[in-house]
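To keep things clear, I will list the structure first and then write my remarks on it.
Note that these values count all heavy atoms, side chains included, but never hydrogens, waters or copies made by symmetry. Here is how names work: the chains are called A, B, and so on, in the same order as the sequence lines, proteins then strands, and each is numbered from 1. Computed from a predicted structure; not experimentally measured.
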There are 2 protein chains.
Amino acid sequence: MRTLKYAILGLLNQKKMTGYDLMKQFESALCEFWSAKHSQIYPELKKLTEEGCVAYRQEASDNGLEKKLYHITEKGRTDFMSWLSSETPAQPTPKDISRLKIFFCSCLPKEERKFMLEEQVYRHTARLKHLQNNQQKFSQVPDSDSNEFGDYLVLMGAIMREEMMIEWLKKSISLLN
Amino acid sequence: MRTLKYAILGLLNQKKMTGYDLMKQFESALCEFWSAKHSQIYPELKKLTEEGCVAYRQEASDNGLEKKLYHITEKGRTDFMSWLSSETPAQPTPKDISRLKIFFCSCLPKEERKFMLEEQVYRHTARLKHLQNNQQKFSQVPDSDSNEFGDYLVLMGAIMREEMMIEWLKKSISLLN
DNA sequence: ATTTGCATGTAATCTGTTACATGATTCA
DNA sequence: TGAATCATGTAACAGATTACATGCAAAT
């Protein structure tokens, strides 16, 4: 389905970047719903260059080192926009090890069941706090035409996801016995 | 991480099954948080047999066809229990194409933005109804020592996930403009 | 002097999907 | 007679992670 292709094109559509910059974007802005290591990004950029979806200019970075500054081409923009407008196919299951373990929790001795669920509550609470902290950087809701609008929506979605997880886990704990 | 191994062991720990039965379980009971096709299940069963985690007896099925009825071994049970008790490593991002598209939604013309989000609301509403229907099969909360307890918890979790998604999408729509 | 960050790549491996392949039985 | 279900497998490919590999600059 080439999703990585479109994630990269979408980012390069916002601004010119190096492979390294893209990697940083996956670690920060996209981390709540997509990920990619540099070992996947660099080969994909090579492929996209061959396809004519991106191009680069060799530049010297601040320090004087070599770097490749990538930008999106017309073909790249066309491909990206048609992907964005296309219907999203029914998502395959989001695989979730925690839920798998909870599914099998009746195999565990009673004390451990509660312990397992509480450990998860702790994790998600920490994550929620971190996300709420990020949200404070927005003094108001960004305009829906700006690039930050997407950031705002997915951050809101991530917060709601964590809140839901905590609520579910606590409800589950209350059902033990 | 061999998660498929433990999913299969967990199911075989509940009862003896054929590869085909396991496939059906992935399609029904586990479908909200794990998936596996038969082309992955059969080779994994072969590997688990070699490892000594499972064993099988060749049997004739109802109709007279050959089938392999798998059961878990002591080693398999030990492996499964130690996996279940171990700490779950920090989950890698659950990849989500819908969220990725929403992240880039400011690239779309205004009318299409709303359309995209509403299409998602429709999808998740249908899914929610289906799950709520399944929940009605439980006349009460199963005992936390029974196998159905896990079913009940993950179904509840899936319902809450869909409710959260709908709420998030509607909130997002209200923020357009 | 050593670690961290910038910067780029390849190789080996693992995980998962789609397609190929077969064959009997049951139901419409 | 043809489609659906039961039943089992392999091969090719796609997607993603871990490890291998290099090198300069800046900060500690």
Side-chain angles (χ1 to χ4, degrees), chain A residues 1-9 16-28 30-31 33-51 54 56-70 83 89-97 100, chain B residues 1-8 12 16-28 30-31 33-51 54 56-70 83 89-97 100:
Chain A
M1 280 172 58
R2 305 287 312 274
T3 310
L4 180 61
K5 164 178 172 173
Y6 300 107
I8 289 175
L9 289 180
K16 291 181 228 173
M17 270 184 261
T18 66
Y20 192 82
D21 295 330
L22 283 165
M23 182 189 77
K24 289 288 160 192
Q25 285 294 303
F26 278 103
E27 282 171 8
S28 55
L30 308 201
C31 73
F33 49 92
W34 209 264
S35 64
K37 307 286 171 71
H38 76 278
S39 55
Q40 210 186 349
I41 294 168
Y42 288 115
E44 186 65 34
L45 282 170
K46 200 179 171 184
K47 200 173 172 185
L48 289 173
T49 307
E50 287 159 11
E51 282 182 72
V54 305
Y56 64 89
R57 261 172 296 168
Q58 194 90 238
E59 298 218 344
S61 55
D62 305 334
N63 30 47
L65 282 170
E66 289 280 276
K67 66 175 184 180
K68 291 177 179 174
L69 196 61
Y70 285 90
W83 169 78
Q91 289 270 102
T93 327
K95 302 205 169 180
D96 187 331
I97 299 178
L100 184 62
Chain B
M1 280 171 59
R2 304 287 312 274
T3 310
L4 180 61
K5 164 178 171 172
Y6 300 107
I8 289 175
L12 290 179
K16 291 183 231 174
M17 271 184 258
T18 66
Y20 192 81
D21 295 331
L22 283 165
M23 184 189 76
K24 289 288 161 193
Q25 285 295 302
F26 279 103
E27 282 171 8
S28 54
L30 307 201
C31 74
F33 50 92
W34 209 265
S35 63
K37 307 285 172 74
H38 77 278
S39 55
Q40 208 186 352
I41 293 168
Y42 288 115
E44 187 65 34
L45 281 170
K46 199 178 172 186
K47 200 173 172 185
L48 289 173
T49 307
E50 286 159 13
E51 282 181 73
V54 304
Y56 65 88
R57 261 172 297 169
Q58 195 90 239
E59 297 218 345
S61 55
D62 305 337
N63 30 47
L65 282 171
E66 289 280 275
K67 66 176 184 179
K68 291 177 179 174
L69 196 62
Y70 284 91
W83 169 78
Q91 290 268 103
T93 326
K95 303 205 169 181
D96 187 332
I97 299 178
L100 184 62

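- Within the structure, a side-chain polar atom (N or O) of B/K37 is placed less than 4.0 Å from OP1 or OP2 of C/dT18.
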Tabulate protein N/O versus nucleotide N/O from nucleotides 9-15 of chain C, keeping only pairs under 3.5 Å, one per line.
{"residue": "C/dG9", "atom": "OP1", "partner": "A/K68", "partner atom": "NZ", "Å": "2.4"}
{"residue": "C/dG9", "atom": "O6", "partner": "A/H38", "partner atom": "NE2", "Å": "2.8"}
{"residue": "C/dT10", "atom": "OP1", "partner": "A/K46", "partner atom": "NZ", "Å": "3.4"}
{"residue": "C/dT15", "atom": "OP1", "partner": "B/M1", "partner atom": "N", "Å": "2.8"}
{"residue": "C/dT15", "atom": "OP1", "partner": "B/R2", "partner atom": "N", "Å": "3.1"}

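- Distance check, rounded to the nearest 0.5 Å: OH of B/Y6 to CD1 of A/I97 gives 11.0 Å.
- Rounded to the nearest 0.5 Å, atoms CD (A/Q58) and NZ (A/K67) are 11.0 Å apart.
- Between A/I41 atom CD1 and C/dT8 atom P there is a gap of 11 Å when expressed in whole angstrom units.
- Regarding A/K24, its NZ atom lies at a distance of 12 Å from the P atom of C/dT8, rounded to whole Å.
- Rounded to whole Å, the distance from CD on A/E44 to C1' on D/dG15 is 10 Å.
- The closest side-chain heavy-atom distance from A/S35 to B/K95 is below 4.5 Å.
- Counting to the nearest Å, the P atom of C/dA24 and the CG atom of B/L65 are 8 Å from each other.
- A distance of 12.0 Å separates CG of A/L30 from CG of B/D96, quoted to the nearest 0.5 Å.
- Taking 4.5 Å as the limit, every side-chain heavy atom of B/L22 sits out of range of all side-chain heavy atoms of B/Y42.
- One finds the NZ atom of B/K68 at 14.5 Å from the CZ atom of B/R57 (value rounded to the nearest 0.5 Å).
- The end-to-end axis angle of the helix from C/dA1-D/dT28 to C/dA28-D/dT1, rounded to 10 degrees and based on five pairs per end, is 30°.
- In this structure, A/F26 atom CZ and D/dA16 atom P are separated by 10 Å, rounded to whole Å.
- Distance CD/A/Q40 to CG/A/L4: 5.0 Å, rounded to 0.5 Å.
- Rounded to an integer number of Å, the gap from B/L69 CG to D/dC6 C1' is 14 Å.
- For A/Y56, the OH atom counts as loosely surrounded, since its 6.0 Å shell holds 12 or fewer non-hydrogen atoms of other residues, nucleotides or ligands.
- As rounded to whole Å, 13 Å separates atom P of C/dC6 from atom CD of A/Q25.
- When the P atom of C/dA24 is taken as reference, atom CD of B/E66 falls 13 Å away, rounded to whole Å.
- The side chain to side chain contact (heavy atoms under 4.5 Å, CB included) check on A/E51 picks up A/R2, A/K5, A/K47, A/L48, A/C53, with sequence neighbours excluded.
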